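Keep in mind it's a predicted model, so treat the numbers as computed, not measured. Every number for a ligand or one of its atoms is a count from 1 in the order of the listing.
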Amino acid sequence: MSEKIQRVKGVNDILPVEASRWQYLETVVSQVMARFAYGEIRPPIFEKTELFARSVGEDTDIVSKEMYSFQDMSGTSLTLRPELTAGVVRSYIQNNLQQISPVQKLWYEGPMFRQERPQKGRYRQFWQLGAEAIGSPNPEQDVEIIALFHAILQELGIADSVSLKINSVGDSESRQSYRTALQDFLRPHLNELSETSQHRFETNPLRILDSKAPNDREIIKDAPKIRDCLNASSVDHYEQVLQMLTEMNIPFVQDDLLVRGLDYYTHTIFEFTSDALGAQDAICGGGRYNDLVKELGGNDVPAIGWASGIERLLLVVDALKPAESSSTMDLFLVVQAEELRAHAPGIIQKWRMAGLRCDFDTLKRSMKAQLREANRQRARFAAILGNDEYSQGVVQLKNFETGEQSAIAFDRVVETINNYR
Ligand code: ATP
Ligand code: MG
């Protein structure tokens, strides 16, 4: 026997039993997105590497160590997208979406790729669902896009087990003054900080607040709060967001230490976490990115967005309500006589085209085995076809729920089954 090929570490096969749960989630999501007037966008899976280096930031975990990059035959460096905000903004600029309307509300779903250490809820290929509202600088837009994710959680029935953490990193002037204040505070502790944080002290000191190293966390505890460095207009923006969230009954907690792992954020940043998960408890992260469109060569257009990990969302849905085992099969055709097998595909084709979910045996198995298969697929009915039935133009229709069985004409089968729905 040849050696079996295993899948790559940290990626998943989504098998049909799980795919039905993904489809359920996708249905909920696309309905909610339509209610909020967001249109779906499907950018490519790979982009030029420089797109991510310039937007996500050279010094972030993603760009410094997690990207799957490769050279194509022309020697161009390409990268499998580690996130999709950069791709959406690139597409927004390239396709002049601003001309269509001053606010573009977009959503996406698809696989992302990051080379990190695989564990529960952390994979190398994982799926994100995300939304971006490009064009409005105002707090109403911040609140709407947060409310959008909240609505998805409500429709999935998991809003109560999820909490929203929120913070503001202010505009660039506020961040600049905070950067200085933070560096002044950290300077005496520089030697005690982890190696990564020491490096970030110069390049991106705000990222030190996000450090997981216990000793770093101990030092950070007493650091000045970004809130105290926000200028008047940044404070005003933030307070309006909090006020509107309160009025909408969307619960939140302010988290002074929240900084997100990407460089492009300004003003409002937020994260949704769930107690139903272990260490990887973040199910959604997002924030405003008012400078990114300009930095990627577009006009000076403000924007805000979020991205949510679908595997983690499904883990929460799973933990809270076990998957229901409902029947997805209406009818199984059981062929009793050998010489009738050749008619089976034609018969079942008619039923399928009429909208029934049905199946039949292509292995020439015994009648008993066919009934067993019908059972395994949890069919609601079996249509048993023997020589007598065939000559009379009927099938024996067996209702598995009630045990009833009666002869039904071929052309009445669909109607009969539909009547039982
Ligand atoms: P984390 O702190 O868990 O690493 P992150 O800050 O890197 O998250 P983002 O880049 O903001 O995450 O991505 C948004 C969401 O995507 C996360 O909240 C999470 O639900 C999901 N996510 C991120 N990385 C992974 C991964 N490797 N596997 C599965 N889901 C992920
Ligand atoms: Mg990460």
*Asks:* With side chains defined as the heavy atoms from C-beta onward, is the minimum distance between Met367 and Ile384 less than 4.5 Å?
*Replies:* yes
*Asks:* Tell me, please: is Glu83 in heavy-atom contact with ligand 1, that is, under 4.0 Å?
*Replies:* no
*Asks:* Closest approach of Pro302 and Arg288, non-hydrogen atoms and distance?
*Replies:* CB-NH1, 3.9 Å
*Asks:* For atom 3 (O) of ligand 1, which candidate among Gln128, Arg312, Gln280 holds the nearest heavy atom?
*Replies:* Arg312
*Asks:* Considering Glu116, Arg114, Gln125, which one's heavy-atom position lies nearest to atom 27 (N) of ligand 1?
*Replies:* Glu116
*Asks:* Suppose I only count heavy atoms of Ile283 and a 4.0 Å limit; which atoms of ligand 1 are within that range?
*Replies:* 18 (O), 20 (O)
*Asks:* If you measure from the Lys or Arg side-chain nitrogens to the Asp or Glu carboxylate oxygens, is any gap between Glu144 and Lys105 under 4.0 Å?
*Replies:* yes
*Asks:* Under a 4.0 angstrom heavy-atom cut-off, which atoms of ligand 1 come close to Cys284?
*Replies:* 18 (O)
*Asks:* Out of Ser308, Pro118, Gly286, Ala282, whose heavy atom is nearest to atom 19 (C) of ligand 1?
*Replies:* Ala282
*Asks:* Give a yes or no answer on whether the side chain of Asn138 reaches the backbone of Gln141 with a donor-acceptor pair at less than 3.5 Å.
*Replies:* no
*Asks:* Between Phe126 and ligand 1, does any nitrogen or oxygen pair lie at a separation below 3.5 Å?
*Replies:* no
*Asks:* Are side-chain heavy atoms of Leu333 and Val335 found at a separation under 4.5 Å?
*Replies:* yes
*Asks:* Please determine whether a side-chain nitrogen of the Lys or Arg among Arg21 and Glu26 lies less than 4.0 Å from a carboxylate oxygen of the Asp or Glu.
*Replies:* no
